2 protein chains.
Amino acid sequence: MKPVASTSEQILDVAQSLIVAGGYNGFSYADIADAIGIRKASIHHHFPTKAELVSALVDRYRQQTELGLKSLQAQSASPADQLQSYVDFWKACIGNASLPFCVCAMLAGEMPMLPDEVASRVRGHFHHLAEWLTSVLQAGAKQHLFRLDKRPEQEAQMLMASVHGAMLSARAFDDPGLFAAIVEPQIARLRAPVR
Amino acid sequence: MKPVASTSEQILDVAQSLIVAGGYNGFSYADIADAIGIRKASIHHHFPTKAELVSALVDRYRQQTELGLKSLQAQSASPADQLQSYVDFWKACIGNASLPFCVCAMLAGEMPMLPDEVASRVRGHFHHLAEWLTSVLQAGAKQHLFRLDKRPEQEAQMLMASVHGAMLSARAFDDPGLFAAIVEPQIARLRAPVR
DNA sequence: GTTTACCTATCTACTAGTAGGTAGACGTTC
DNA sequence: GAACGTCTACCTACTAGTAGATAGGTAAAC
C-alpha cells in the first residue's frame, strides 16, 4: 500500500502532469484544485505564486532525476548499460503514457516567456543532464565500449537532442514506438565496435 | 520597397512570433491588437475564433514550407545540397533570431490540449516534412551520395528529431551555435563515403 | 498559544467572444 | 453622374467566464 502523498506533493503531481500536457500557460490553480478536491486558495497557502510552484516542481524533478541517474550508476557498472537504462526509462514512460514528456523539455520550449526563476532552473536541468551524459560517454570511451566521432560533450548534446526530438515526434505522430525507433539507432551507433 | 502586408497577414505574422515564443496559450487577441495597433474585435473580424486563427496560421506556414522545399529542389539538383540548404535555413533563422523555433514543433509539444482542427494540421506538417526528408534521402542514396544505415523513412525520422531537439537545446542553453553543433554531424554521418 | 492547513469570500486584471454601429469602397441602375 | 444597396474593415462597448492572488476566519495539531 502506497502511503498517501501530502497535499503539497499532490499539488506538484497534478501540476506536473498538466505542464507535461500543456506547458506553463496550459494549467491554472483552478485545474489543480478541482483535480485534488481542495480550493484554489489552499494551493496559494503551499505555493504563494505560480512561479514558486513551478520552481518547486522543477527542483523536485531535478532532484528525482539526480537520484535516478545515480541509482543507474549504482546498479550497472557499465556505461553502455547506464545509457541504455536511461533510454529505457523514457521508452517506458512514453509507452505507458505515465510521463509522456520531460517536464523540462516542455518548459524549455517556452523559455522566452518563463519567469526568470523558472527559466534558470530549467537551464540548470539541461546542464546537469548534459554533464551526466558526457561523463557516461567519456567513461564508456575509456573502456572502449563506445566509439565517439566527436568530443564527448558534443556527442552528449547530440544524444540529448535526439531524445527530446524523439519525444516530440512520438507526440506529434501519436506513435509511442517512434521514440525507440529514433533513439535506439543513435545509441547503437555509439556502441558500434571499433572498425 | 516591401509592400505593406494586409492586416490579416500582419495578424498572422504577430501571432506566429508570439506562438514561437510561448505556444498556443502564450498569446491573446489583446497582445496581437496592441502589436499592430488595432482593436481586439477587428481580429475577430478576420479570424472569428482563436482555433481558426491558429489553423490559418499553420496552413500558411505549411504552404510556405512546401514552397520553400520545392524551391530547394529547383535550385540544387543534388539531394545532399538540398539537405544542407534545409539545415542552413534553420541555422540562419536561429542565428539571427528571426524565427528561432519551428511553429509546428512548438505546437506539437502542446498537442494534448490543442483544438482538434489545429492538432490535425500540425500532424499534417510533420507527415509532410518526414515525407520530404525521406524522398531526399532516398534520392541521395540512389546517387550514392548518402549511406543509409536504416530504411530511409527511419533515417528521416532520426534527422527530423535531431533538428527539433537541436532547436530546443539552442533555446534551453541560450546558445544559437548549438543547433549547428548538433545537426551538422548528423548530416555529415549520412554523407560519409561508402566504406 | 502559536503554527499549520485548510476554508469562504472577494479582488483586479484579463480571457475569448459578441452586439451593433460607422465610414468608405464598389458596383448597379436609373 | 447621382442615388442606391451591399460589402469590407474597422470601431466602441459589452458579456460571461477565468486568471492569479489576497484577506480574514476556523479548527485541529504540536
Side-chain angles (χ1 to χ4, degrees), chain A residues 3-60 103 106-107 110 112-119 121, chain B residues 3-58 60 106-107 110 112-119 121:
Chain A
V4 178
S6 70
T7 300
S8 61
E9 288 292 310
Q10 282 185 70
I11 292 169
L12 294 181
D13 290 343
V14 172
Q16 179 161 308
S17 68
L18 289 173
I19 286 180
V20 164
Y24 188 86
N25 289 308
F27 78 101
S28 73
Y29 273 48
D31 294 331
I32 301 173
D34 289 350
I36 65 179
I38 59 171
R39 299 295 155 146
K40 281 199 305 171
S42 308
I43 302 175
H44 283 284
H45 167 72
H46 295 279
F47 307 101
T49 69
K50 195 176 183 179
E52 286 176 81
L53 193 162
V54 177
S55 292
L57 177 58
V58 176
D59 284 343
R60 188 185 71 157
V103 179
M106 196 69 203
L107 292 172
E110 307 177 292
M113 47 120 276
L114 288 182
D116 289 347
E117 43 193 315
V118 177
R121 281 173 167 84
Chain B
V4 178
S6 70
T7 301
S8 61
E9 288 293 309
Q10 282 185 68
I11 292 170
L12 294 182
D13 289 343
V14 172
Q16 179 162 307
S17 69
L18 290 173
I19 286 179
V20 164
Y24 188 86
N25 290 307
F27 77 102
S28 72
Y29 273 46
D31 294 331
I32 301 173
D34 289 349
I36 64 178
I38 59 171
R39 300 295 154 143
K40 278 197 314 166
S42 308
I43 302 175
H44 282 285
H45 167 72
H46 294 279
F47 306 102
T49 69
K50 195 176 183 178
E52 285 175 81
L53 193 163
V54 178
S55 292
L57 177 59
V58 175
R60 188 185 73 156
M106 196 69 203
L107 292 173
E110 308 177 290
M113 49 120 271
L114 288 182
D116 289 346
E117 41 192 316
V118 177
R121 281 172 166 85

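Chain letters run A, B, ... following the sequence lines, proteins first and then strands; every chain starts at 1. Fair warning: this is a prediction, and the values are worked out from it, not measured in the lab.
With values rounded to the nearest 0.5 angstrom, I43(A) atom CD1 is found 10.0 Å from T7(A) atom OG1. To the nearest 0.5 Å, the span separating CD on E117(A) from CG on D59(A) amounts to 10.5 Å. With rounding to the nearest 0.5 Å, the separation of CG in L18(A) from CG in L57(A) is 10.0 Å.
Here chain B contacts DNA chain D (any atom closer than 4.0 Å to a heavy atom, that is under 4.0 Å), and the contacts span dA9(D) to dT12(D) from 5' to 3'.
Looking at E110(B), its side chain does come within 3.5 Å of a backbone N or O of Y24(B) through a donor-acceptor pair. Side chain of D31(B) to main chain of S28(B): a donor-acceptor pair is present (N/O by atom type, distance under 3.5 Å, no hydrogens or angles).
Side chain to side chain, E52(A) and T49(A) meet the donor-acceptor criterion of an N or O pair below 3.5 Å.
For the contact set between residues 38-50 of chain B and DNA chain D, defined by any heavy atom under 4.0 Å, the members are I38(B), R39(B), A41(B), S42(B), H45(B), H46(B).
The two residues A35(A) and V14(A) have their closest heavy-atom pair at CB-CG1, 3.8 Å.
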